[in-house]
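Worksheet for the structure shown next.
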Amino acid sequence: AQSVSQHNHHVILSEAASLELGCNYSYGGTVNLFWYVQYPGQHLQLLLKYFSGDPLVKGIKGFEAEFIKSKFSFNLRKPSVQWSDTAEYFCAVNAGTGTASKLTFGTGTRLQVTL
Amino acid sequence: GAVVSQHPSRVICKSGTSVKIECRSLDFQATTMFWYRQFPKQSLMLMATSNEGSKATYEQGVEKDKFLINHASLTLSTLTVTSAHPEDSSFYICSARDVRTRGNTGELFFGEGSRLTVL
């Protein structure tokens, strides 16, 4: 079964600092990878996704993530965070194919950006 | 597009009663919907896969008689927590795929979530 690990549980950064959140997964086959964000009081939203092709994917709000197959990793990055980036970030993996394939989530990383 | 709506967003009930949570895909048809449970400061745990017109598929450890799922139409799935107890208090989130525009990529769209508190 697939699993997802997020190593950072709570990250505190000052505005303009650079961000990198780790995500590792375990699954030997083809995977689709996602980062979702949950802002305070809001529902989960897709930040970015990787299906195939260029392993460096760009998402909304200046976020990007790099898929490194050899390391089973999909780390999220942002060069300069803003206060509005304060949220919970979830890495997710979808393995298998078809409409019934499941999305497995990591435990989440709470990002707190201070002014 | 691809909006998923849940109702109610918050519900408080007495122990022993049943609570129904609705999940609707507003602008697309979803043959499959997923129900997750989120514990405080923890990840989303998949409870079951709701299949339109057939029985739901439950994850290991999830009581199907406790958490009744009905997927009566292509835009509506319901989760009923039967004989609720305080330990059932949690945040329940539904999600769905828009296969029409996203194919079988696995991308999900999420409802706002429903916070259940059982007294």
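Chain naming here is simple, since letters A, B, ... match the order of the sequence lines and numbering starts at 1 in each. Values reported hereafter were calculated over all heavy atoms of this structure, with side chains retained and with hydrogens, waters and symmetry mates removed.
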Exercise. May I ask you to check whether over 12 heavy atoms, not counting those of B:Lys55, lie within 6.0 Å of atom NZ?
Key: no
Quiz item: Side chain, backbone, both or neither: which part of B:Gln6 has a non-hydrogen atom closer than 4.5 Å to chain A?
Solution: neither
Quiz item: Taking a hydrophobic cluster as the set of Ile, Leu, Val, Met, Phe, Trp and Tyr residues connected by side-chain heavy atoms closer than 4.5 Å, whether directly or through intermediates, do B:Leu116 and B:Met33 fall within one such cluster?
Solution: no
Self-check item: Side-chain heavy-atom pair A:Asn94, B:Arg97 within 4.5 angstrom cut-off
Solution: yes
Exercise. Select one option (side chain, backbone, both, neither) describing which atoms of B:Phe39 are under 4.5 Å from chain A's heavy atoms.
Key: neither
Quiz prompt | Common cluster, A:Trp35/A:Val11, ILVMFWY with side-chain heavy-atom separation under 4.5 Å | solution = yes
Practice problem: Name the region of A:Leu44, side chain, backbone, both or neither, that has any atom closer than 4.5 Å to a heavy atom of chain B. | Solution: both
Quiz prompt | B:Ser43 (side chain) donor-acceptor with A:Gly106 (main chain) under 3.5 angstrom | solution = yes
Quiz item: Are the aromatic ring centres of A:Phe105 and B:Phe110 under 6.0 angstrom apart?
Solution: yes
Quiz item: With a 4.5 angstrom heavy-atom cut-off, which part of A:Gln38 approaches chain B: side chain, backbone, both or neither?
Solution: side chain
Practice problem: Might you confirm whether atom NE2 of A:His10 has over 12 heavy atoms from other residues, nucleotides or ligands at distances under 6.0 Å? | Solution: yes
Exercise. Can you see which heavy atom on B:Glu112 is nearest to which on A:His43, and at what distance?
Key: CA-CB, 3.5 Å
Quiz item: Going hydrophobic residue to hydrophobic residue with side-chain gaps under 4.5 angstrom, can you get from B:Ile93 over to A:Leu46?
Solution: yes
Quiz prompt | A:Tyr39 reachable from A:Ile12 in the ILVMFWY side-chain graph, under 4.5 Å edges | solution = no
Exercise. Determine whether A:Leu111 and A:Ile60 fall in the same hydrophobic cluster, where Ile, Leu, Val, Met, Phe, Trp and Tyr are linked whenever their side-chain heavy atoms lie under 4.5 Å apart.
Key: yes
Quiz item: From B:Leu44 CG over to A:Thr107 OG1, what is the distance, rounded to the nearest 0.5 angstrom?
Solution: 11.0 Å
